[in-house]
Visitor: 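Before we start, here is the structure in question, set down as structure tokens.
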Amino acid sequence: MKRRVWGTAAVVVAAVTGVVVFQGIHGTDGGRDGKDATRVSGPVRTEVHTAAVTAEGDRAEIAQQDTDAFSLVGLSWTKPSAEMPGTVQVRARSARTGAWGSWITLDTGGHGAPAEESRRGATEPAWVGPSDGVQARVDGQGSPLPAGMRLEMVDPGAGQAAVGTDPVAYATDAPTDIPGDPSSEPTDTATGTDAPVDESTPSPSVPSPSDPVPPSASASPSASVSSSPTSTLPPAPASNAPQPPIVTRAQWGADESMNDEAPEYGTEIKAVFVHHTVDANTYTCADSAALVRAIRTYHIKSNGWKDIAYNFLVDKCGTIFEGRKGGVDRPVIGAHNPGFNTNTAGIAVLGEYSSIDASAAAKTAVARLAAWKLGQYGHDPAGKVDLTAGLDNGKFKLGQTASFYRISGHRDGYATECPGGKLYASLPGIRTLAGGPVTGLALKAFGQAGVSGTTAYTKGPLTVNWAITSPASLVKRYEVIVDGKVAATPGPTATSASLTLTAGTHTVAVRAVHISGRTAVTPNATVVADTTAPAFTTKPSVTLTTGTVNTTAVPVTLGWKATDAAALKEVRLTSPSAHTYGPTTYTAALTSNSATATTWSMTAYDQAGNAATATTTATPVILQETSTTRTGTWTAKSSTSYLGGKSYTSSTKNASISWTFTGRSAAWVVSRAGTSGQAYVYVDGVKTATVDLASSTTKYRDVAWTKTWPASAAHTIKIVVVATTGRPTITTDALVYLK
């Protein structure tokens, strides 16, 4: 289809009951749909197409006519003081799909620009995206419509700033090293007032440089006006909060030739007013720069204002755009709240927030920006201020003084619904974000450290970890405090820091410094720096114990005791099997192969990670009946249930059987049943025990008695039959000893 442009012929008035469509061709320029986003390399040319709308009674519609591409639409009329009664609705046809969008009701309340700036009255505009057709209808609902109505359709140009969801790589970010006491909490007891004069007499103006600043410019706190002192414009004051990344006018493609009026300045920023732009919320963040250009073009060309009304604009991804020219770090007088434009800043969130809330990213960006601007003049973002109206604005009289929050909504100073009910309800939360302190600050597990109760232990460099619930971008810095003194100052995005502590007990805490200067501190944690290894005060040793004996599993008890000067964590058996024992466990029931030398290796660990190792070696030996000395009558018995397949039994009183060996622990192995009798045990000729072998269940290879000595030596064990009345028989199977 051939591209059509606007002609000069007058637009025909349509019938009152009809709806007329403007049909046009979307331009072939790349990038207008946001798909081919590239960084703006210079000023972007924008265009406004207009169509006259003539009223018939209290209604008006427009006749059909072709048009070039546009992405933003609004309605204006001749007299800025004239009210628009009733409703204004528009809808657009997508240049991408050819489908018609929903009807959009335009806000007729106006931005609240100073009267001297307005050349025409106008609705708020609506972003409809790349479009090539429009429908419009105006219903005065019984009241006459203002004269000189025309439809305003803005083409934001083909340039598209590639900010998207990663504004940091694209925006200007001032240094965050702000002089002053970082831990002090700002107080704000003083209030200020705007002089009760009409805003047609602002402070002296200073023109900004005519050449646009390239996107890389960031040496100055303001990328759009020189920060060198002049006779009329002193240097901007440093803020107690860091400047967030800001996309400059040059970066989003502002065509500075569109208006040559010099910026005007107040003396400070006493308050910030939050707005919404009453645009559709369906824009993508790749569209944001084009949307800002379109709004600026509408404000200048359609409203007749000096420049874009707002000092700053924020998109749904949290990207901040410089608004009205004059320097982001200056008290530039905007056109956002009549009567209160001087000494305030207007921050507009792109979108409409009556029924939905702004994104968390957008609200965080507003908080960061407000904290920085108010911090230039030492004002608490969570505080209040008295402001005096500079003119009659329909809500306040000239000279009337009222109390405002430092971060207020547009509706607080002007008769409007702006910034929408949902965003307005979020302002207390935004004040908290901006004013601090950081919330949810908590210490997490210490790296390279053990923990016992509420105490951490380390033997070397310690990693301190923490977390917050506040957005990380609201942190100016962290301070790690050891024994009451700052030991490390990691940056605002850090979640951990490394410390090297001297030996001993310390207190460790983390302090988070909010961008406003307010602080939050974690409770102290106790950390013990310990480089001394544990000690085995009782070396590991193996003894024979009760249980069932097999040639591959002789029951033994492993004993030890380990201690530590700070805190013992555990003792691990690493050979011949792996087990872990708590700090107060000193024995373990295990088994060992017979006739095999087994080394038992143990390592004690303290909570700091220091370790000490100790070993012992033992060989269980099974002595069967063939190696015994016997007296009295003994009968040999054969069974696979006996060790070696044999055992000896006797019921003769004082019959004896004895073994001689060299070792440090001994165990007598027997067979047992309900009719088993008793025996005397003699050690090296001395009676030491009477053992009853009776058992309610039959047992084979069972250890009935043990004896352990401090060191290995020669010993003789003799078993004597008691010949117990009614159950005189005993059965002996073997003697086991450790060498």
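Model, not experiment: these values are computed from the prediction. Along the sequence shown, residues carry numbers from 1.
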Visitor: Ignoring hydrogens, what is the shortest heavy-atom contact between R701 and S641? Give both atom names and the distance.
Guide: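 For R701 and S641, the tightest heavy-atom pair comes out as NH1-O, 2.7 Å.
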Visitor: Quick one: list whatever passes side-chain hydrogen bond (donor to acceptor under 3.5 Å, both in side chains) with T731, sequence neighbours left out.
Guide: T649
Visitor: Look up atom SG in C285 and atom NZ in K316, then write down how far apart they are to the nearest 0.5 Å.
Guide: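 Result: 6.0 Å between the selected atoms.
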Visitor: Can we call the ring centroids of W466 and Y478 under 6.0 Å apart?
Guide: yes
Visitor: With ring centroids as reference points, do W659 and Y737 lie under 6.0 angstrom apart?
Guide: no
Visitor: Enumerate the salt bridge (charged side-chain N to carboxylate O under 4.0 Å, His left out) contacts for residues 670-692, please, sequence neighbours excluded, ordered by first and then second residue.
Guide: R672-D702, D692-R727
Visitor: Run R518 and D380 through salt bridge (Lys or Arg N to Asp or Glu O under 4.0 Å) and show every step you take.
Guide: CA-CA 10 Å; R518 284 195 170 97; D380 178 6; 2.8 Å; yes
Visitor: Do D564 and K569 sit within salt-bridge range, that is, some charged N less than 4.0 Å from a carboxylate O?
Guide: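 Salt bridge: no.
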Visitor: Is there a salt bridge (Lys or Arg N to Asp or Glu O under 4.0 Å) between D733 and K646? Walk through the geometry before answering.
Guide: CA-CA 7 Å; D733 199 358; K646 273 188 180 183; over 6 Å; no
Visitor: Listed by chain and number, what are the side chain to side chain contact (heavy atoms under 4.5 Å, CB included) partners of A425, not counting sequence neighbours?
Guide: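 Applying side chain to side chain contact (heavy atoms under 4.5 Å, CB included) to A425 gives none.
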Visitor: What's the verdict on side chain to side chain donor-acceptor pair (under 3.5 Å) for T617 and T599, showing C-alpha distance, side-chain angles and the deciding distance?
Guide: CA-CA 4 Å; T617 301; T599 299; 3.2 Å; yes
Visitor: Of the options V549, T548, T546, which is the one that meets P555 in a side-chain contact (heavy atoms from CB on, under 4.5 Å)?
Guide: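 Looking at V549, T548, T546, the match for P555 under the side-chain contact (heavy atoms from CB on, under 4.5 Å) is V549.
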Visitor: With S658, which of T629, I717, V720 fulfils side-chain contact (heavy atoms from CB on, under 4.5 Å)?
Guide: T629
Visitor: Can you tell me how the ring of H715 sits relative to the ring of W709, calling it parallel under 30°, perpendicular over 60° and tilted otherwise?
Guide: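 H715 and W709: parallel rings.
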Visitor: When you check the side-chain N and O atoms of T469 and T439, is any donor under 3.5 Å from an acceptor?
Guide: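 Indeed, the side chains of T469 and T439 share at least one donor-acceptor pair under 3.5 Å.
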Visitor: Please check this pair: side chain of W634 against backbone of S656, looking for a donor-acceptor N/O pair closer than 3.5 Å.
Guide: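 Here the side-chain-to-backbone pair exists.
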Visitor: With respect to L573, which candidate in L590, T580, T603 satisfies the side-chain contact (heavy atoms from CB on, under 4.5 Å) definition?
Guide: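 Answer to the side-chain contact (heavy atoms from CB on, under 4.5 Å) test with L573 among L590, T580, T603: L590.
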Visitor: Can you tell me if K561 uses its side chain to pair, donor with acceptor, with the backbone of T584 under 3.5 Å?
Guide: no
Visitor: May I ask you to test the Y581-W560 pair for a side-chain heavy-atom distance under 4.5 Å?
Guide: yes
Visitor: Just verifying a value: how many Å separate T598 OG1 and L738 CG, rounded to the nearest 0.5 Å?
Guide: 10.0 Å
Visitor: With a 4.5 Å limit on heavy-atom distance, are the side chains of V554 and T591 in contact?
Guide: no
Visitor: R572 and Y605: side chain to side chain contact (heavy atoms under 4.5 Å, CB included), yes or no, with the steps?
Guide: CA-CA 8 Å; R572 300 178 193 172; Y605 293 91; 3.5 Å; yes
